[in-house]
Every structure is written in C-alpha cells, then in structure tokens.
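Single-structure report; data block below.
Bear in mind the structure is a predicted one, so any value in this text is a computation, not a measurement.
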Amino acid sequence: MIESTLLIADTNRSDLNLIRSILKNEVRNIVSVASPGRINEVLGKTVIDIVLLDLDFGAEVQNGNGGIFWLREILKSDPGTSVIMITANGNIEHAVKAIREGAVDFISKPVVEAKLISVVNLAWKLRKTQLESSLLRKDNQRLKTEINRSGEKLIRGASPTMINVMNIVRKVALTDANVLITGENGTGKELVAKEIHNNSKRAGELMVSVDMGSLTETLLESELFGHVKGAYTDAAEDRKGRFEQASGSTLFLDEIGNLSLSSQSKLLSVLQNRSIVRVGSNKQVPVDIRLICATNCNLPQMVSEGRFREDLYYRINTIVIEVPPLRDRVDDIPILANHFLRIHSERYGKKGLKFNTHSLEKLSNHDWPGNVRELQHAVERAVIMSDTQLLKPSDFELTGKTRLSVTGEITLMEMEKRFISDCLKKYNSNLSLTASRLGITRQTLYNKMKKYNLD
C-alpha cells in the first residue's frame with residue numbers, strides 16, 4: 001500500500017466514487033472534493049502527495065480552463081506534488097498542455113482500473129524521489145551550517161613556516177591536483193585540507209572525509225567503494241561508498257599510511273581509472289573527485305622498505321604540504337591561544353576571560369608534543385577551571401619539555417620568577433606555605449609576586 005495522501009478532484013460524483021473505490025486498497029489516505037471551492041481548504045490543512053484532477057474541474061468558473069487553473073494553484077502551493085490529469089472524450093490536446101504546465105501524467109475516462117493503479121504508483125515514486133531530494137538538500141545545508149559554526153578553521157598565524165603553507169594552499173586550491181599533507185599528529189592536517197577545499201571550485205559541495213586508520217581490512221572496500229544488495233550477509237540494500245558520495249567534491253583520506261598493500265592496490269586502480277566497482281557488482285561507476293591525503297608516516301621510507309607502493313605514492317603527491325609542529329611556529333602560539341580562548345569562553349559562558357602576560361609566556365615556552373590539539377585542550381581546561389577573569393600560569397597544567405628561551409639562556413631574574421611561580425602552583429597559591437618552603441617571609445614573597453606580576 002502507498003503510504004501517502006491522495007486528493008481526487010472531480011465534479012462528477014459517479015467518477016469520483018469509482019476512482020475512490022479502485023484506490024481504497026492501494027493508497028493509505030484518500031481525500032475527495034466535488035466542489036472547486038474546497039481545494040484551497042484541503043491544501044491549507046493537509047500535505048497532499050498525489051492529485052487526480054479532472055481537466056473540466058471548475059470549468060464553468062474559469063472560462064472552460066478550470067483544470068489548468070487548479071493545476072497551477074496546486075503546484076503553487078507545493079511544486080513537488082504529483083498531479084495526474086483526468087480527461088474526458090480523449091481530449092489529448094488539453095492533456096498535453098497540462099503536462100507542459102507541470103502535470104506528471106494523464107488518464108482518460110472511462111477509467112481503466114489497471115491503468116489508474118499503474119499511473120498512481122508511478123506518480124508516488126516521483127513524489128517520493130522529490131521528497132528525498134529535498135531532504136538531502138536540507139541535510140547538506142544543515143551540515144554546512146554546523147561546520148561553519150563549529151569554530152574549526154585554519155588559523156593562519158604569523159610564523160614564516162605557516163605563511164609558506166598558506167601560500168602553497170592558495171596556489172593549489174584552484175587546481176584539481178592531488179595533494180599530500182604531512183605532519184605530526186595534532187598539527188591540523190585536516191584543517192589544511194578543508195582550507196584547500198573551501199577555496200576550490202568544488203567549495204559548493206561538502207568535503208567527504210575518511211579516517212583510513214579506523215577501517216578494518218574487511219570494511220574498507222565497502223566503505224570506500226560501496227556495495228550492492230546481497231553482496232554479503234548484512235548488505236540489505238544498495239549503498240554508495242565514499243568515492244561516489246564525494247563525486248563532484250573533494251575526498252580527504254586521512255592516515256593513508258595505514259593502508260595495507262592489498263588496499264593500496266585497489267585504491268591505485270580507482271585513481272587510475274577514475275571509476276569504482278561496488279562490492280558484489282561488476283559495473284563501472286565513474287567518479288569525479290579531487291583527492292587530498294594526509295599522513296604522519298614517513299612515506300618515502302615506507303616505499304624504500306616495501307610497505308607502501310611507489311606508484312601510489314607518486315599518484316597522490318603531486319603537491320606535498322608539510323604542516324610544521326607547533327614548537328617550530330612559536331610566533332603563532334599567542335594567536336592560537338587567544339583564538340581558542342574566544343571559542344571556549346563563549347562555549348562555557350565565561351566571556352571576558354583574558355591571559356595575563358606570564359600565562360602567554362608559559363604557553364610560548366612549552367614544547368607542545370601534542371601540537372595545536374594539545375594547546376586547544378589546555379586552553380579549554382583553563383577556561384573550565386578558572387575562577388577569575390584573568391588566566392594565570394597556575395591555571396595551565398602542562399607536562400613535557402619547556403624551552404628556557406629562544407636562545408637557550410635564562411637570566412637570574414627569570415629563573416627566580418619561574419621558581420616562585422612553580423612553587424605557587426605546587427602549593428595552590430598558599431602564600432604562607434610557599435614562603436616557608438622558599439625560606440623567605442610572607443611579605444618578601446608578596447613583594448616579589450608584585451615585582452614579577454605573579455597574580
């Protein structure tokens with residue numbers, strides 16, 4: 001049974017009742033009107049999927065053009081409605097005019113049961129396809145909105161290394177060249193990929209991302225290339241893979257260095273042929289993708305060791321972009337820290353938070369083994385735990401190496417300041433206990449804190 005609502009509009013009650021009786025076991029909900037004045041009332045209260053509309057409906061009011069008039073009104077209300085015209089006396093000329101105006105089909109009186117059921121089923125398939133397309137467009141728009149709101153964007157920074165990266169991004173974005181992005185974990189390789197996509201001619205479509213490291217060998221082929229119904233036990237229906245989903249857009253393959261040699265061979269074949277074959281099928285499906293890959297692996301070394309195909313390596317690295325670790329772009333740390341502070345202070349309802357000078361100094365001197373991702377988490381934690389508007393060095397719990405200075409030297413005053421700062425942090429800003437451990441009076445400690453702006 002068709003799960004939809006169908007409207008029958010015919011002033012001839014005999015014909016109307018006949019059509020209703022034929023379709024009562026075929027369509028879930030049927031509404032019928034014999035008076036033109038009731039159509040707007042029905043359209044205002046009910047979502048109508050299919051309309052069976054008599055060409056002569058309301059002809060006496062609309063100068064013999066009633067069916068065409070109401071066809072236009074129905075499509076004005078919902079352009080996706082499937083309207084089937086009912087013609088008397090084989091009036092093909094008017095039926096063709098109705099098709100040009102947007103009707104999906106027509107049937108002639110007297111109505112033939114098999115013909116009527118067939119036409120209604122086809123009209124429902126068309127309506128369902130249009131509804132699904134509309135939902136897909138809305139979902140895409142919603143996803144684009146969510147992505148734009150997420151705050152995840154590439155911060156360009158001021159360091160020479162990132163300026164160089166952005167220059168390469170700007171040049172390569174307008175081409176369809178394959179790009180390989182390398183760098184340590186947490187440096188923002190996916191954000192670089194998004195920056196390339198967002199500045200490309202494919203920016204109107206969503207970039208499709210795949211974490212190759214999270215896919216098992218058995219799932220990878222179905223995930224990338226799709227499958228047909230019955231291809232394996234759980235394949236209950238046809239399914240598009242990521243290559244088909246990304247056709248017309250950008251496909252981002254993260255952690256490509258984790259691919260097995262067998263999977264590398266399959267990927268190479270797709271890139272060479274620009275077409276995929278779904279699992280369980282032998283039909284070639286053309287795909288039009290812009291490929292961006294990323295890895296934290298040393299692919300040239302893997303090639304020399306026989307763990308990565310040399311032909312695939314040269315296929316994916318037309319342009320190589322190396323994203324520098326955060327320790328090599330110290331000038332960007334204050335910029336990134338303030339960016340994350342704005343995001344998380346708004347997220348947690350703590351607007352107006354600021355770093356004091358020594359907090360930014362502490363962040364700039366940290367080695368950041370987890371790179372930008374670690375910095376973001378450190379700022380987020382500090383925002384959550386802060387009790388004042390000013391974030392102090394003690395609000396940041398950092399582990400790992402700390403650089404003394406750019407030159408590797410440190411003055412006696414800097415050493416004293418850091419030593420006092422570390423003690424304050426260790427003893428939770430308890431001045432009496434800190435002064436006791438340092439072997440000075442509380443007043444001396446207070447004077448030194450004031451001198452070094454250790455709030």
Compare all side-chain heavy atoms of [X] with those of [Y] and state whether any distance is below 4.5 angstrom.
X: L55; Y: I68; value: yes
X: Q264; Y: S262; value: no
X: R315; Y: L267; value: no
X: L326; Y: E374; value: no
X: I86; Y: L53; value: no
X: L180; Y: T295; value: yes
X: I256; Y: Y313; value: no
X: V104; Y: I84; value: yes

Can you give me the closest heavy-atom contact between [X] and [Y], atom names plus distance?
X: S209; Y: M207; result: OG-CE, 3.5 Å
X: L52; Y: L6; result: CD1-CD2, 4.0 Å
X: T187; Y: G183; result: OG1-C, 4.1 Å
X: K362; Y: F396; result: NZ-O, 2.8 Å
X: C297; Y: M302; result: CB-SD, 3.7 Å
X: L251; Y: A246; result: CB-CB, 4.0 Å

State the [atom1]-[atom2] distance between [X] and [Y], to the nearest 0.5 angstrom.
X: T129; Y: W124; atom1: OG1; atom2: CH2; answer: 9.5 Å
X: K24; Y: I19; atom1: NZ; atom2: CD1; answer: 14.5 Å
X: K109; Y: N12; atom1: NZ; atom2: CG; answer: 5.0 Å
X: L23; Y: I2; atom1: CG; atom2: CD1; answer: 8.0 Å
X: S82; Y: L131; atom1: OG; atom2: CG; answer: 8.5 Å
X: S118; Y: E26; atom1: OG; atom2: CD; answer: 11.0 Å

For E205 and R202: C-alpha separation, side-chain torsions, deciding distance, then whether salt bridge (Lys or Arg N to Asp or Glu O under 4.0 Å) applies. CA-CA 6 Å; E205 302 295 329; R202 299 171 183 261; over 6 Å; no

Counting neighbours of [atom1] on [X] that are heavy atoms of other residues, nucleotides or ligands and sit closer than 6.0 Å, is the number greater than 12?
X: N167; atom1: CG; result: yes
X: Y314; atom1: OH; result: no
X: Q389; atom1: CD; result: yes
X: R274; atom1: CZ; result: yes

Please name all residues satisfying side chain to side chain donor-acceptor pair (under 3.5 Å) with [X], sequence neighbours left out, ordered by chain then number.
X: T216; result: T218
X: D254; result: none
X: Q284; result: S275
X: R307; result: E305

Does the side-chain hydrogen bond (donor to acceptor under 3.5 Å, both in side chains) test come out yes or no for S260 and S263, once each step is laid out? CA-CA 5 Å; S260 69; S263 297; 3.2 Å; yes

Main-chain N/O of [Y] paired to [X] side chain as donor or acceptor, under 3.5 Å:
X: S281; Y: V277; value: no
X: T81; Y: L75; value: no
X: D395; Y: K392; value: yes

Return each pair, listed once, that meets salt bridge (charged side-chain N to carboxylate O under 4.0 Å, His left out) where at least one residue sits in residues 345-359; pairs must be two or more places apart or across chains. R347-E380

Distance-only side-chain donor-acceptor flag, S32 / R20, under 3.5 Å: yes

Test side-chain hydrogen bond (donor to acceptor under 3.5 Å, both in side chains) on D332 and S159 and set out the steps. CA-CA 6 Å; D332 295 339; S159 65; 2.6 Å; yes

One pair to check against salt bridge (Lys or Arg N to Asp or Glu O under 4.0 Å): D367 and R327. What are the steps and the verdict? CA-CA 6 Å; D367 203 43; R327 61 182 173 274; 5.2 Å; no

Should R290 and T250 be marked as a side-chain hydrogen bond (donor to acceptor under 3.5 Å, both in side chains) after you check the CA-CA gap, both sets of side-chain angles, and the distance that decides it? CA-CA 5 Å; R290 198 275 176 80; T250 302; 5.3 Å; no

Strictly below 4.0 Å, N to O, side chains only: are E237 and K229 in salt-bridge contact? no

Parallel, tilted or perpendicular: which fits the ring planes of F243 and F225, with parallel below 30° and perpendicular above 60°? tilted

Of all residues at least two apart in sequence or in a different chain, which pass the ring-ring contact (aromatic ring centres under 6.0 Å, His included) check with H344? none

Go through it in stages, so that I can follow the logic: the residues are N371 and E184, the test is side-chain hydrogen bond (donor to acceptor under 3.5 Å, both in side chains), and I'd like the CA-CA distance, side-chain angles, deciding distance and then a yes or no. CA-CA 8 Å; N371 292 295; E184 297 176 7; 3.1 Å; yes

